[in-house]
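Below is one structure; the comments refer to it alone.
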2 protein chains.
Amino acid sequence: MPQRLHISEPDFEQRFRALLAAKREASVDVEATVREIVSDVRQRGDAALIELTARFDHLELTPETLRVPEAEIEAALEATPPKTRAALDLAHRRIESHHIRQMPKDDRYMDAIGAELGSRWTAVESVGLYVPGGAASYPSSVLMNAVPAKVAGVERIAMVVPAMRGALNPLVLAAARIAGVSEIYRVGGAQAVAALAYGTESIAPVAKIVGPGNAYVASAKRQVFGTVGIDMIAGPSEVLVIADADNDPDWLAADLLAQAEHDRAAQSILLTDSEDLAARVEAAVERQLQTLSRSETASASWAEFGAVIVVSDLLRDAPPLADRIAAEHLEIATDDPDALFARIRNAGAVFLGRHTPEVIGDYVGGSNHVLPTARSARFSSGLSVLDFVKRTSILKLSAEALRELGPSAIELARVEGLDAHGRSVAIRLNL
Amino acid sequence: MPQRLHISEPDFEQRFRALLAAKREASVDVEATVREIVSDVRQRGDAALIELTARFDHLELTPETLRVPEAEIEAALEATPPKTRAALDLAHRRIESHHIRQMPKDDRYMDAIGAELGSRWTAVESVGLYVPGGAASYPSSVLMNAVPAKVAGVERIAMVVPAMRGALNPLVLAAARIAGVSEIYRVGGAQAVAALAYGTESIAPVAKIVGPGNAYVASAKRQVFGTVGIDMIAGPSEVLVIADADNDPDWLAADLLAQAEHDRAAQSILLTDSEDLAARVEAAVERQLQTLSRSETASASWAEFGAVIVVSDLLRDAPPLADRIAAEHLEIATDDPDALFARIRNAGAVFLGRHTPEVIGDYVGGSNHVLPTARSARFSSGLSVLDFVKRTSILKLSAEALRELGPSAIELARVEGLDAHGRSVAIRLNL
């Protein structure tokens, strides 16, 4: 059973703090191992990549078979059952339409003194997309990572996916084809990240690497950061469900379990003003756990990290707690969810109303399912087109505008002790 | 003398690669030391912060004197000479007006099937601003870091600045007051970063930390990342000046030296199609070095990392080289600088035309001077309002919209083996 916290109890603040501070992931120290792998691939290229793939993925490759041929990708798409294909196509269309709206606009203007200023956005030239292998090889994640890059105008998207003993999820290949991925390589782990960052004889280097992975992949991304850009390092998934008494406990239980089934370290929290609902949801969770294929995972997550928080007044008490939790996913199942949402600052994504289960956002809502975890919604955002573009700021002065601004720049350079800075302006003004 | 590269020479590609690969900063391994400092402040709060400040900054503080009193800040502003004050005010006004235009807009809309989607931007709740001490304690940097946060709507900006033996740059205090910084603490180093991240009895924790610092500060920022957000880790400054024959060599030499005087590891590159200009700029640099207060630094930077690249055709040859250099600062001193800029993708900031020395952007242009260094303009942008806001994505479905989208979500959950995901939708549709 998950823990139950009541806002009226004297130890509430202490227990709530402990809930926030709970460390859900054992940190595995793989840094030294990863450092060797990265350095090996950097120095020996394909040869190292092929050897490491043989060792870790039990797959013998050659420079010719590293890349998945077009025909194999096309065949995977062709073999996709029509119902699955239609669902992938719908998801793709909706993600694309939504992300197109995120494209930032260039700005260029002249101010009152005749100085031109501006911002110009351009796409990152090439992106590497990491896709995990095995059970966590999700076609939906391929769409969520590749579509924003494509919408941003990234010309080359190179995908890597480990093929343990040769096995690749054909739906991952199909999703990559639908999303417009340019190249797919059957390699994974830290060695694939290194190949994307530094390049090998067969894989050209990229400018930025995105996508989820295990501890080795995360550590490799951290190590190559600087040489290339990286996205956030995602932690285990979380949901905070804020619900009033007027909810079907079975619906909420299903939502809580949809997070819990991801990972033993996932976290599902129910926040309600109804003791009765709290008890009924807990009972519904126990009932539904009986018939879940991933019940062991879900049950461990719910027991260890799940929580039910009961407050007195939802509109007053929920927002400050929600802001401290800063959940990756926030469901608000009340009559007027917007009223609560307006008072909450920190959440990766919000799902408003009783008919918006978070799962829709995982697949076909159109918004991105790559979202800030572990309270990082306090300072960061989900994946978007902005992650695949960068801005150049623009300044263009006429001789007159320089005359207007120059003396102040010279004064500031002087007080900062930077002579050459001052001279660079003064010399143009004959000062 | 800096190296001279000619695009027509057979070893050009090799030498250009070596120029790009040159490691300009010795990496100092301070990680273990910083780990101890961070952990000490995290555990012992003020007591540790005060002890470490006594040890490293030779300054004895108490919990009462940690914070710079309002009166001291106000006095610093009052004591600022009118000319300096006017320059700071002009810079402040121009930075503010420019950054207001960067504020992203919320978006909320209903699509064809009746699903509501959206993005809502909110300010990061609190920000810590690191300001270096000593000679690199620049009032302009205070403005550049604090103003975008203020424009974004950040409610609390806590600044830390080391006061070696008690000394604080009064102009830094004045700039902080002008920019609207809420609190100033006279502490620095890794211990100040730890105090901002975890909080102490006297300093409330923040959600994000920005601002430049030495190797200890950079390492501390990396270590607290996750607990709080951080900005980019800035490397030594760079400029690439693209110039045709029709330039005053003295102007360009002054621009190259304005970068070089920052740091021995700074890099100034001239790219031109004129052998004659190249030679005259080199001579002008030597001449100007004679009368520069920071000539030792500038001369070391120019000799070791400076470069002059001569190409045959500016419009054809410069853009691909500029994209590979991906300079922090790019000056284009030609008749039609926009034509060249349109062909260049990667640059942190561009300065167009002969009357736009980069130095204007350091102080009073209005754009930000915190920009991506070390080729990271390939995948990242300068500091902006976007660094102080975060986005919550919004989804709100009617019962009808859920009926429309639900079956596809259920199908994708099925092929991904996530039962509870499927159930969370199916249970609402009575499927």
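Naming convention: chains lettered A, B, ... in sequence-line order (proteins, then strands); numbering from 1 in each chain. Please read all numbers here as calculations on a predicted model, not as lab measurements.
A salt bridge links B/Glu155 to A/Arg345: one of the charged nitrogens lies within less than 4.0 Å of a carboxylate oxygen. Taking a cutoff of 4.0 Å between a charged side-chain nitrogen and a carboxylate oxygen, B/Asp250 and A/Arg423 do not qualify as a salt bridge. Salt bridge status for A/Asp248 with B/Arg428: absent, with no side-chain N to carboxylate O gap under 4.0 Å.
Only the backbone of B/Arg354 comes within less than 4.5 Å of a heavy atom of chain A; no side-chain atom from C-beta onward does. In this structure, no portion of A/Glu116 lies under 4.5 Å from any heavy atom of chain B. Using a 4.5 Å cut-off between heavy atoms, B/Arg222 makes no contact with chain A at all. Residue contact with chain B, scored on non-hydrogen atoms closer than 4.5 Å, involves the backbone and the side chain of A/Ala413 alike. Contacts of B/Pro104 with chain A are absent, with no heavy-atom separation under 4.5 Å from either backbone or side chain. When heavy atoms are compared at a cutoff of 4.5 Å, A/Ala175 does not approach chain B at all. Contact of B/Asp107 with chain A is made through the side chain alone, with heavy-atom distances under 4.5 Å. Contact of B/Ala326 with chain A is not made at all, since no heavy-atom distance falls under 4.5 Å. In this structure, chain B has no heavy atom under 4.5 Å from any part of A/Ser137. Neither the backbone nor the side chain of A/Ile230 comes within contact range of chain B, judged by heavy atoms closer than 4.5 Å. Heavy-atom distances place the side chain of A/Ala91, and not its backbone, under 4.5 Å from chain B. With a 4.5 angstrom heavy-atom cutoff, A/Arg414 touches chain B only via side-chain atoms. Neither the backbone nor the side chain of A/Ser126 comes within contact range of chain B; no heavy atom of the residue lies under 4.5 Å from a heavy atom of that chain.
Residues B/His98 and A/Asp111 are not in side-chain contact: their nearest non-hydrogen atoms beyond the backbone lie 4.5 Å or more apart. The closest side-chain heavy-atom distance from A/Lys396 to B/Val350 is not below 4.5 Å. Side-chain atoms of A/Lys390 and B/Ser381, non-hydrogen and from C-beta on, do get closer than 4.5 Å to each other. In this structure, B/His262 and A/His421 have side chains that are in contact, with non-hydrogen atoms separated by less than 4.5 Å. Side-chain atoms of B/Phe341 and A/Arg120, non-hydrogen and from C-beta on, do get closer than 4.5 Å to each other. Under the 4.5 Å side-chain criterion, counting only non-hydrogen atoms from C-beta, A/Leu402 is in contact with B/Pro357. A 4.5 Å side-chain heavy-atom check between B/Leu117 and A/Ser97 finds every atom pair outside the cut-off. Between A/Leu418 and B/Tyr363, the closest side-chain pair of non-hydrogen atoms falls below 4.5 Å.
Contacts with chain B were tallied for A/Leu371, A/Asp338, A/Val425, A/Leu429; A/Asp338 has the most, counting heavy-atom pairs under 4.5 Å. Put simply, of A/Ala123, A/Ala377, A/Gly406, the one with the most heavy-atom pairs under 4.5 Å next to chain B is A/Ala123. Chain B forms more heavy-atom pairs under 4.5 Å with one residue of A/Val124, A/Leu386, A/Leu171 than with any other, namely A/Val124.
Heavy atoms only, all atoms of each residue included: B/Arg294 and A/Gly417 are closest at CD-O, 3.5 Å.
Here B/Ile394 contributes atom CD1 and A/Thr356 contributes atom OG1; the two are 11.5 Å apart, rounded to the nearest 0.5 Å. Interatomic distance, A/Thr122 OG1 to B/Asn346 CG, rounded to the nearest 0.5 Å: 6.5 Å. Distance check: B/Thr392 OG1 to A/Ile344 CD1 gives 9.5 Å after rounding to the nearest 0.5 Å. Distance CG/B/Leu90 to CG/A/Leu405: 6.0 Å, rounded to 0.5 Å. With values rounded to the nearest 0.5 angstrom, B/His369 atom NE2 is found 11.5 Å from A/Ser393 atom OG. One finds the CG atom of B/Asp362 at 9.0 Å from the OG atom of A/Ser424 (value rounded to the nearest 0.5 Å).
Side-chain atoms of A/Asp419 do not come within 3.5 Å of backbone N or O of B/Leu292 as any donor-acceptor pair. Side-chain atoms of A/Arg378 come within 3.5 Å of backbone atoms of B/Thr227 as a donor-acceptor pair (strictly under, hydrogens ignored). A/Glu411 contributes no side-chain N or O that, together with a main-chain N or O of B/Ala87, makes up a donor-acceptor pair within less than 3.5 Å.
For the residue pair B/Glu416 and A/Ser140, a side-chain donor N or O sits within less than 3.5 Å of a side-chain acceptor on the partner.
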